[in-house]
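Because only heavy atoms are used, hydrogens play no part in the values below, and waters and symmetry mates are left out as well, while side chains stay in. Numbers restart at 1 for each chain; the letters A, B, ... are given by sequence-line order, proteins then strands. Keep in mind the model is a prediction, meaning the values are calculated, not measured.
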Protein chains: 2
Amino acid sequence: MRRNLGEPTDSVRTRAVACCPHAVGTIKRGWRVAATQRRGPVVPPTLADVAELAGVSRQTVSNALNNPALLRTDTLERVQEAVAELGYQPNRAARNLRTRASHLVGMRFAPAQEGTANALMERFVHSLVEECRAAGYHVLLFAADHDDITSGYDELVRSTAVDAFVVTDTYLGNPQAAWLEQNRVPFVAFGRPWDDPDAGHPWADVDGAAGVAMATRHVIGRGHTRVAWVGWRKDSRIGEDRRSGWSATMRERGLPTTGLAARVEDTIASGKEAAAMLLDEAHPSAFVCASDTLAMGVLHTLHDRGLVPGRDVAVVGFDDSQAAQVVPGGLTSVRQPLEEVAVEVVAALQGMLARPRLVHPPRLLTPSLVVRGSAP
Amino acid sequence: MRRNLGEPTDSVRTRAVACCPHAVGTIKRGWRVAATQRRGPVVPPTLADVAELAGVSRQTVSNALNNPALLRTDTLERVQEAVAELGYQPNRAARNLRTRASHLVGMRFAPAQEGTANALMERFVHSLVEECRAAGYHVLLFAADHDDITSGYDELVRSTAVDAFVVTDTYLGNPQAAWLEQNRVPFVAFGRPWDDPDAGHPWADVDGAAGVAMATRHVIGRGHTRVAWVGWRKDSRIGEDRRSGWSATMRERGLPTTGLAARVEDTIASGKEAAAMLLDEAHPSAFVCASDTLAMGVLHTLHDRGLVPGRDVAVVGFDDSQAAQVVPGGLTSVRQPLEEVAVEVVAALQGMLARPRLVHPPRLLTPSLVVRGSAP
DNA sequence: ATGAAAGCGCTAACAT
DNA sequence: ATGTTAGCGCTTTCAT
């Protein structure tokens, strides 16, 4: 393996001479630089090198890689030996040019906000990378202007740099999802198309309402009857969805919700204030929150008032962030099955890129509850 | 802009007919599929389309993009108009094939460990993506087998998928750094080559010892004299480096260190145990820790014993994780300048990939101290 | 089952 | 300053 990678092989030279006189010059210059540096830059073997070593034509080698069934067993073996001997890997650029596919999936990478506990992306991206690998894809990260988010997508599409996109921030009213759809750019969304139920693109999402319902049932099961909700502002579709998990469960159990809900910004300070207000005015014994950030804010208020989470007041967050995992006492939290989301997303991606196109049905995945000290 | 992107343009058709009869078939088939789907797949314009529209040769268009100084002003303008009119972007695959460069930087993406507070990567990767964009690069993420980490690198190198790598986990005894160097694969490391000071590759790193020294001086300045160290096991070079910041500062101020240090695994449980042991046996009034994970472990012990961080005992962590930011009371922590690291890494990358190669000197960056309630 | 020829879209070299 | 020619390494007809 890779035996000849650092040294000029005869086949490389022969190939150059054989197919065109001009190339000799090119390669000679390459090797001259090489000589200066004592050891040359790596000149990877090409299909032609493999073909020569195996004593077959270039096309046969190509077939051996892309359509092995076409070859006779002994020929196939000879080719495979030559491939192994030279450590041959097809040149991506050439293959991409020819097949008009990059085997790259683009994803805009926005950073987690400072001062919050919402670092989901690291987990999701890792799962995505793993799944993509299994499917023969790689993940290309890119950034975009704040004032013109679509420009980043546009550039990559037009330069045929990626085959498709994964869009993660559909909850922001996704201007890019609409743009991508309009421009017929293949993409899969992590997140429902809230504004457009008939959206044509594949998606996978986590059932936030179910997660919050689970959390609410958990605290009710521990004897709490006055369960408060600390969630996001009304314009957040995800926030309203999660909230519905709380309100539906409370109604179902015949428990009161009046005065027990707050809708605030997703910051520690807001969660803290909301908890203080609710404790004073509605006397809840449990808090279910739309995010770990808000839940940590609630913990701040309990901390300030000398109340012990899990003993005096139950608190449940959402996202199972690192903060939830490491905070003293531990924060019970709803955990999104991001690994499963990645599996669904990549499956949809594969279907979308396959010929003929295979439509992957939308999937709504169920989160789980990780029980820790704040709501044992 | 992008006016003709969704519709067949005359120039596209002409181009196809003009340059080869074979292509007609290909494009016709393309359009037949298009008809079935009501609206066709996007056929991006090529250099030839721009050339025809501008009334110049393909080479002139190429020059307009890559060497505009060569053109006469009016020609350049005409070409640029045509580029804008068609929404032209050079095809990456073709350009990559020709120039033997992908303008892609590979980075292995390992997930943060669950149950720790060490989610640095999200911040670093984002900065890296931003910096790369400014330099005309994109970041390609990949995963690798656990048992054979170099295989992932090898595959990308051999298929010429990336121009260089960014290596972030040099502290693990970096088997891949050695491999990359040996195979003359361009790469830049975030992290010093601890085992080989003469390593030829560029790198940038954060001065952990300076950060810990800063933290130690901070608590000493607040009147603490018995300052304990909770760090990693002795085989961690980074851990020993950070520890030296503590021990040197203590010695410098004539303060005792004996019995005041623990070397444990990087887990909450270990930090918690170490703190309990140290409190019992050495009675420190302050803890400086090698990581936020260990610091959170220390907070656990204080929590259990009814001690108030920042009032009874000072605690400082390392990394300024989200947990440090949101934990009630707040955790004072040393913050790595990851944005600056990314700037350095990309600068080194550019130098390394430039012709002639420009060697970027190694840079050791100084972290800062973020003061919060645990050590005010 | 294997080989020959063509060309994907671009840029480097040379010619004008 | 602009055009002409060739070819990067691969796959896709088509012919054998």
Novice: Rounded to the nearest Å, what distance is computed from the CZ atom of residue B:R95 to the C1' atom of nucleotide D:dG7?
Specialist: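 Value for this atom pair: 18 Å.
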Novice: According to a strict under-4.0 Å criterion, is A:R100 in side-chain N/O contact with OP1 or OP2 of C:dG9?
Specialist: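 For C:dG9, OP1/OP2 do have a side-chain N/O of A:R100 under 4.0 Å.
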Novice: Please determine if a side-chain N or O atom of B:S62 lies less than 4.0 Å away from the OP1 or OP2 oxygen of C:dT11.
Specialist: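 For C:dT11, OP1 or OP2 has a side-chain N or O of B:S62 closer than 4.0 Å.
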Novice: Does any residue of residues 63-78 of chain B have a heavy atom under 4.0 Å from DNA chain D, and if so, which ones, in number order?
Specialist: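 Contacts with DNA chain D under 4.0 Å: B:L70, B:L71, B:R72, B:T75.
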Novice: Look only at the side chain of A:R108 and the backbone of A:L141, and say whether a donor-acceptor pair between them is shorter than 3.5 Å.
Specialist: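 Flag not set: sc A:R108 to bb A:L141 has no pair under 3.5 Å.
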Novice: Can you tell me how far P of C:dA6 sits from CD of A:Q59, to the nearest Å?
Specialist: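 Distance check: A:Q59 CD to C:dA6 P gives 12 Å.
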Novice: Roughly how many Å is it from NE2 in A:H103 to C1' in D:dC10, rounded to a whole number?
Specialist: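 These atoms are roughly 13 Å apart.
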Novice: Less than 4.0 angstrom between a side-chain N/O of A:T60 and OP1 or OP2 of C:dT2, yes or no?
Specialist: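 A:T60 to C:dT2 OP1/OP2: no side-chain N or O under 4.0 Å.
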Novice: Using 4.0 Å as the upper bound for N to carboxylate O, is an ion pair formed by B:D163 and B:R100?
Specialist: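 No salt bridge links B:R100 with B:D163.
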Novice: Within this structure, what is the CZ-to-C1' distance between B:R92 and C:dC10, rounded to whole angstrom?
Specialist: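 For the pair B:R92 CZ and C:dC10 C1', the rounded distance is 13 Å.
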Novice: Between A:D49 (CG) and D:dC8 (C1'), how many Å, whole number?
Specialist: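 My rounded result for the distance is 14 Å.
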Novice: Could you check how far CG of A:L97 sits from C1' of D:dC8, rounded to whole Å?
Specialist: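 So the CG-C1' distance, A:L97 to D:dC8, works out to 9 Å.
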Novice: Just how far, in rounded Å, is P of D:dC8 from CG of A:N96?
Specialist: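 For the pair A:N96 CG and D:dC8 P, the rounded distance is 18 Å.
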Novice: Toward the 5' end of DNA chain C, which comes first, A:R98 or B:Y88, by nearest nucleotide?
Specialist: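 Between the two, 5'-proximity favours A:R98.
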Novice: For this output row, return yes or no: ring centroids of B:Y153 and B:F142 closer than 6.0 angstrom.
Specialist: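 Yes, they do, as the ring centres are separated by less than 6.0 Å.
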Novice: Give the angle between the helix axes at the two ends of the helix from C:dA1-D:dT16 to C:dT16-D:dA1, taking five base pairs at each end and rounding to 10°.
Specialist: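 Roughly 30° between the end axes, to the nearest 10°.
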Novice: Within this structure, what is the CG-to-P distance between A:L47 and D:dG7, rounded to whole angstrom?
Specialist: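 These atoms are roughly 18 Å apart.
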Novice: With a 4.0 Å limit, can you tell me whether A:R58 has a side-chain N or O closer than that to the phosphate oxygens OP1/OP2 of D:dT11?
Specialist: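 No, A:R58 has no side-chain N/O under 4.0 Å of OP1/OP2 on D:dT11.
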